[in-house]
Amino acid sequence: QVQLVESGGGLVQAGDSLRLSCAASGLTFRRYSMAWFRQAPGKEREFVASITWSGGSTYYADSVKGRFTISRDNAKNTVYLQMNSLKPEDTGVYSCAAEPWGTGANQEKVYEYWGQGTQVTVSS
């Protein structure tokens, strides 16, 4: 049974940092590209960042470029999202997703497995 479990969310002030983690089990992690998506209240879920199965390529939404960094540790079956200089508009539920092999696409439909999400709230 595949499980993706996110952690690290919380309530912070604008300008603060958070590091999200997504621990995977039940799959061969090194064979999966991983991504983070987020969903703000009343809005559709949107792509945030992704990293290919090899770790060789990373992709970011324009809104987070230069502030967020995605990384992975295949030995720990974990993908991370380091979020710096947080803004109120970064508020939302952050979910990780896994795509077998994959190219780190920014489209939800290619991701096979999803976590339940972790809440990030940024106050102004």
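For this chain, numbers begin at 1 and follow the sequence in order.
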Give a yes or no on whether [X] and [Y] share a hydrophobic cluster (residues Ile, Leu, Val, Met, Phe, Trp, Tyr; joining criterion: side-chain heavy atoms under 4.5 Å apart).
{"X": "Y80", "Y": "I51", "answer": "no"}
{"X": "V93", "Y": "L20", "answer": "no"}
{"X": "L11", "Y": "L81", "answer": "no"}
{"X": "M34", "Y": "L27", "answer": "yes"}
{"X": "W36", "Y": "F29", "answer": "yes"}

Of all heavy-atom pairs between [X] and [Y], which one has the smallest distance, and what is that distance?
{"X": "N77", "Y": "N74", "value": "OD1-O, 3.1 Å"}
{"X": "V120", "Y": "G9", "value": "CG2-CA, 4.1 Å"}
{"X": "Q39", "Y": "K43", "value": "NE2-O, 3.0 Å"}
{"X": "G26", "Y": "V2", "value": "O-CG2, 3.4 Å"}

> Side-chain donor-acceptor pair under 3.5 Å between N84 and S17, yes or no?
Replying inline: yes
> Stepwise, does the side-chain hydrogen bond (donor to acceptor under 3.5 Å, both in side chains) test hold for T91 with E89?
Replying inline: CA-CA 5 Å; T91 294; E89 51 263 44; over 6 Å; no
>> Among residues at least two apart in sequence or on other chains, which ones pass salt bridge (Lys or Arg N to Asp or Glu O under 4.0 Å) with E108?
In response: R45
Tell me whether [X] contacts the main-chain N or O of [Y] through its side chain, where contact means a donor paired with an acceptor under 3.5 Å.
{"X": "R31", "Y": "W101", "value": "no"}
{"X": "T58", "Y": "T52", "value": "no"}
{"X": "E6", "Y": "C96", "value": "yes"}

What distance separates [X] [atom1] from [Y] [atom2], expressed to the nearest 0.5 Å?
{"X": "Q107", "Y": "S50", "atom1": "CD", "atom2": "OG", "answer": "10.5 Å"}
{"X": "T118", "Y": "Q116", "atom1": "OG1", "atom2": "CD", "answer": "11.5 Å"}
{"X": "S124", "Y": "K87", "atom1": "OG", "atom2": "NZ", "answer": "13.5 Å"}
{"X": "S33", "Y": "E112", "atom1": "OG", "atom2": "CD", "answer": "12.0 Å"}
{"X": "D90", "Y": "M83", "atom1": "CG", "atom2": "CE", "answer": "7.0 Å"}
{"X": "S95", "Y": "Y111", "atom1": "OG", "atom2": "OH", "answer": "13.0 Å"}

> Could you walk me through whether V122 and D16 pass the side chain to side chain contact (heavy atoms under 4.5 Å, CB included) check?
Replying inline: CA-CA 8 Å; V122 184; D16 285 350; over 6 Å; no
> Taking the six-membered ring for Trp, are F47 and F37 parallel (under 30°), tilted (30 to 60°) or perpendicular (over 60°)?
Replying inline: perpendicular
>> Once you measure the plane-to-plane angle for Y94 and F68, does it fall in the parallel (<30°), tilted (30-60°) or perpendicular (>60°) bin?
In response: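 The rings of Y94 and F68 sit tilted, inter-plane angle from 30° to 60°.
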> Checking side chain to side chain contact (heavy atoms under 4.5 Å, CB included) for the pair Y60/V48: CA distance, chi angles, key distance, verdict?
Replying inline: CA-CA 6 Å; Y60 298 93; V48 175; over 6 Å; no
>> With side chain to side chain contact (heavy atoms under 4.5 Å, CB included) as the criterion, how do R30 and W53 come out once you've worked through the C-alpha distance, each side chain's angles and the decisive distance to 0.1 Å?
In response: CA-CA 6 Å; R30 66 181 183 275; W53 58 272; over 6 Å; no
> If you measure from the Lys or Arg side-chain nitrogens to the Asp or Glu carboxylate oxygens, is any gap between K65 and D62 under 4.0 Å?
Replying inline: yes
> Can you check side chain to side chain contact (heavy atoms under 4.5 Å, CB included) on V12 and T121, steps first, answer last?
Replying inline: CA-CA 6 Å; V12 296; T121 303; over 6 Å; no
